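The first residue of the sequence shown is numbered 1, and numbering continues consecutively from there. What you see is a predicted model, and the numbers here were worked out from it, not measured in a lab.
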Amino acid sequence: MNADYALYLSLDIMLSLRNIAGIPLFCLICTAAYAHDVTITSPDGRICIKVTDGGESADRQSAGFSVAYDKTCILPYVRLGMNTDQSSFGQDLTLVSAGSAQAIAEDYRMITGKRSHCLNKGTEQTICFENRGGEQMNVTFRIFNDGIAFRYELTSKRGKDSITDEKTTYILHEGTKRWMQIYSPDSYERFFPPSSDGYSPDNPKASLWGYPALIQTSDSVYALLTESDIHRNHCCSFLNNQTDRNQYKVCLADERLPFTDKWTSPWRLLIVGSLANIVESTLVTDVAAPSQIKDTDWIRPGTASWIYWAYNHGTRDFQLVKEYIDLAAEMHWPYNLIDWEWSLMGNGGNIQNALNYAASKGIKPFLWYNSSTNWVGEHAPQPQYLLNTKEKREKEYAWLQKMGVAGLKIDFFPNDKATTVNYYLDLLEDAARYQLMINFHGATIPRGWQRTYPNLMSVEGVYGAEWYNNTPVLTKRAAAHNATLPFTRNVVGPMDYTPGTFSNSQHPHITTYTHELALPILFECAIQHMPDRPSAYRSLPQEVKKLLSALPTAWDDTRLLTGYPGTEVVLARRKGDVWYIAGINGTDEERTICFSTDRLQLSDQTSHSVTWFKDGKTDTCFDIESQSLTPAEKNIQIPCRPRGGFVAVIR
């Protein structure tokens, strides 16, 4: 039987099934055959979408598409549409034409991220819709083996219009499990608690949601919603399910987006497949604009020592700053982050002395800056107002380059509006000319810019270890949260969680030491900030210090070996011919984590050396052993303490 015919049943058969089996019509919408529709499939045939204008039946209010995976409906409908201040493309659209399907393939390299060599293949097709007034809206689809990308294109007949509303709405089956964070446009620092009804356990009144959003469409199939390729004068978007808890409408951060002649939206993305497909996907960078930086030899991922976690105002103290520079030198980390208030440094030295001291130790510093767009004024952290205009920014960047500074951590951005997007891009573009790397904090999540501007090393956009300073909430929630982030936030790009805290800050952690040791491997971030006190790292076993000293922060490959959000995760990352495997237990109970090394494609002819770092007899102990891993030893079982974990290094 033809696959499309088997997938998309006719409406009368669907109604018969409903009458016989009691299946809700809503759950079968994606199988309806419409009068005006186009089917597009991924190169491997597993993902299939049917784009329709609704014909004369079903959801005639809006054009849209349904999604099937392995011939099973996973999303019943995704509504399409845009509004301008002059025209509506939201209702009664007619599908008037479809361009020919084109095969696309891309091969590119990444300096940072989960994979250094990225390959993607897809099918691209542009569908043209017409509104009642005869005006046209194009929607371009790209269907990859790991997901779906689509974007809108509008042309103004008047030469000037404004985008006022987007109608894209993701409609979920009733009871679909989902992991979403409440929308927080100035920081994206929220949890991803599971829900099956569209309400957040953290705040039942919440109805606005930030990306990425993970949904479980069946026992083994998932979809992650996000966006990519936000250009200048475009804003980011978020999701709103206030009207219907199973319908998530895309909302723009700006009320109006003026444009002349032609407007093309960012890519809306659905990463689709197994949890391994989700975690390993590079779809966010696949659809982003290629690198705008030609010479990238100066962009070098690495580890940095960081003072703020243990000493919130420590950068005011030159002697403390020197200790963290010394720590970086001892641990063979290339970087040290000199955080906020460095302009107020005293106790025997100032920022000039600190930079000179770092140079004498062979350490390249990062410096913190206030973006001066959100938290500003007399009591806001210093330094302020040094980057806001091009003239000031170029002057500051030139000084930083002269002083041998590697990059900037820029903090406290207000929102996802186009003005803020333009500021992000200004900061990145100008920094590249002065060979400066960038880490955005108190900021939005990555949206593909890490490919376009490879000097973007990280973005915070995560409820991370810094929160041990602020409230006691993270203490009890950290383990489950940590076991959720690889399936949600970290999928879309680097996150500056600042992992690897062994001692305690203002509020304690109750994860084990091996759980903490696993996090710098588990969490991808090109500049991995090690936040603990120098004394804490110096007291670790020699084998642990050796591991942290040599740990990569950018990877050649990434493989999910097992896991489920909030419960457990085992992730393998490769650098060269060495595999680093990190696993954590996200529960409060003892747990044996089972996984296979089959997907690592280790040689079947020779044994490999492996060093294990496992939970010891107490939460603060390591059980470290080195042994040979024979070809027959593929199925691994690791007992973990509550909130525990492990690390394996295979050579």
Side-chain angles (χ1 to χ4, degrees), residues 4-5 7-15 25-26 28-41 48-68 73 75-102 123-143 148-171 243-244 247-250 252 257 259 261-268 270:
D4 288 347
Y5 177 76
L7 177 61
Y8 297 101
L9 301 174
S10 64
L11 185 58
D12 58 332
I13 295 176
M14 182 175 69
L15 291 170
L25 180 60
F26 172 82
L28 290 168
I29 287 175
C30 82
T31 61
Y34 298 108
H36 306 92
D37 53 38
V38 177
T39 298
I40 314 173
T41 59
C48 181
I49 73 167
K50 184 175 282 287
V51 186
T52 178
D53 62 9
E56 299 303 324
S57 62
D59 190 358
R60 188 63 180 92
Q61 293 183 7
S62 173
F65 65 94
S66 54
V67 183
C73 171
L75 280 179
Y77 212 64
V78 180
R79 292 195 184 104
L80 296 171
M82 301 291 301
N83 280 351
T84 74
D85 57 352
Q86 302 291 332
S87 306
S88 172
F89 295 92
Q91 292 183 337
D92 293 326
L93 296 177
T94 301
L95 197 163
V96 294
S97 65
S100 59
Q102 303 289 328
T123 304
E124 180 177 286
Q125 193 165 7
T126 298
I127 312 298
C128 180
F129 295 95
E130 191 173 274
N131 66 10
R132 288 180 176 180
E135 297 173 296
Q136 294 184 342
M137 174 185 75
N138 287 336
V139 184
T140 297
F141 292 90
R142 289 183 182 178
I143 315 301
I148 300 159
F150 64 97
R151 67 181 179 187
Y152 300 93
E153 183 181 293
L154 295 175
T155 301
S156 171
K157 291 183 178 180
R158 290 157 291 276
K160 185 175 182 181
D161 275 305
S162 291
I163 301 295
T164 57
D165 188 28
E166 180 167 343
K167 298 298 184 180
T168 304
T169 304
Y170 301 98
I171 301 174
T243 302
D244 185 320
Q247 298 190 22
Y248 292 83
K249 181 184 179 297
V250 172
L252 303 176
L257 289 171
F259 72 97
D261 298 326
K262 183 184 289 186
W263 183 83
T264 302
S265 76
W267 290 102
R268 308 297 182 224
L270 299 90

Handout entry: S62 and L93, any side-chain heavy atoms less than 4.5 Å apart
Key =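 Contact flag for L93/S62 side chains = no.
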
Exercise for the section: State, with a plain yes or no, whether a side-chain heavy atom of V250 is found less than 4.5 Å away from one of Y170. Expected result: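 Touching, per the 4.5 Å side-chain cut-off.
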
Is the backbone of [Y] close enough, under 3.5 Å, to the side chain of [X] for a donor and an acceptor to pair up by distance?
X    : Y    : result
Y152 : M82  : no
T264 : E153 : no
T84  : Q86  : yes

Problem - For the student: nearest non-hydrogen atoms of L95 and I127, plus distance - result: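 Closest approach of L95 to I127: CG-CG2, 3.6 Å.
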
Completion exercise
Heavy-atom nearest pair, Q136 first then L154, reads O-CD2, 4.1 Å

Exercise for the section: Sequence neighbours left out, what passes ring pair (Phe, Tyr, Trp, His ring centres under 6.0 Å) with F65? Give chain and number order. Expected result: F141, F150

Handout entry: Salt-bridge contact D161-K262 (side-chain N to carboxylate O under 4.0 Å)
Key = no

Problem - Ion pair R158/E135, N-O distance below 4.0 Å - result: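 A salt bridge links R158 with E135.
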
Exercise for the section: Using the side chain to side chain contact (heavy atoms under 4.5 Å, CB included) rule, take V96 and F129 through it: C-alpha gap first, then chi angles, then the decisive distance, then the call. Expected result: CA-CA 6 Å; V96 294; F129 295 95; over 6 Å; no

Problem - Side chains of N83 and S88, donor plus acceptor under 3.5 Å - result: yes

Problem - Exercise: do R142 and Q125 side chains pair donor with acceptor under 3.5 Å - result: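 On atom types as modelled, these side chains do not qualify, holding no pair under 3.5 Å.
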
Exercise for the section: State which residues pass salt bridge (Lys or Arg N to Asp or Glu O under 4.0 Å) with R268; sequence neighbours excluded, sorted by chain then number. Expected result: E166, E227

Practice task
Would you sort out whether T126 and V139 count as a side chain to side chain contact (heavy atoms under 4.5 Å, CB included), showing the intermediate values?
Solution key: CA-CA 6 Å; T126 298; V139 184; over 6 Å; no

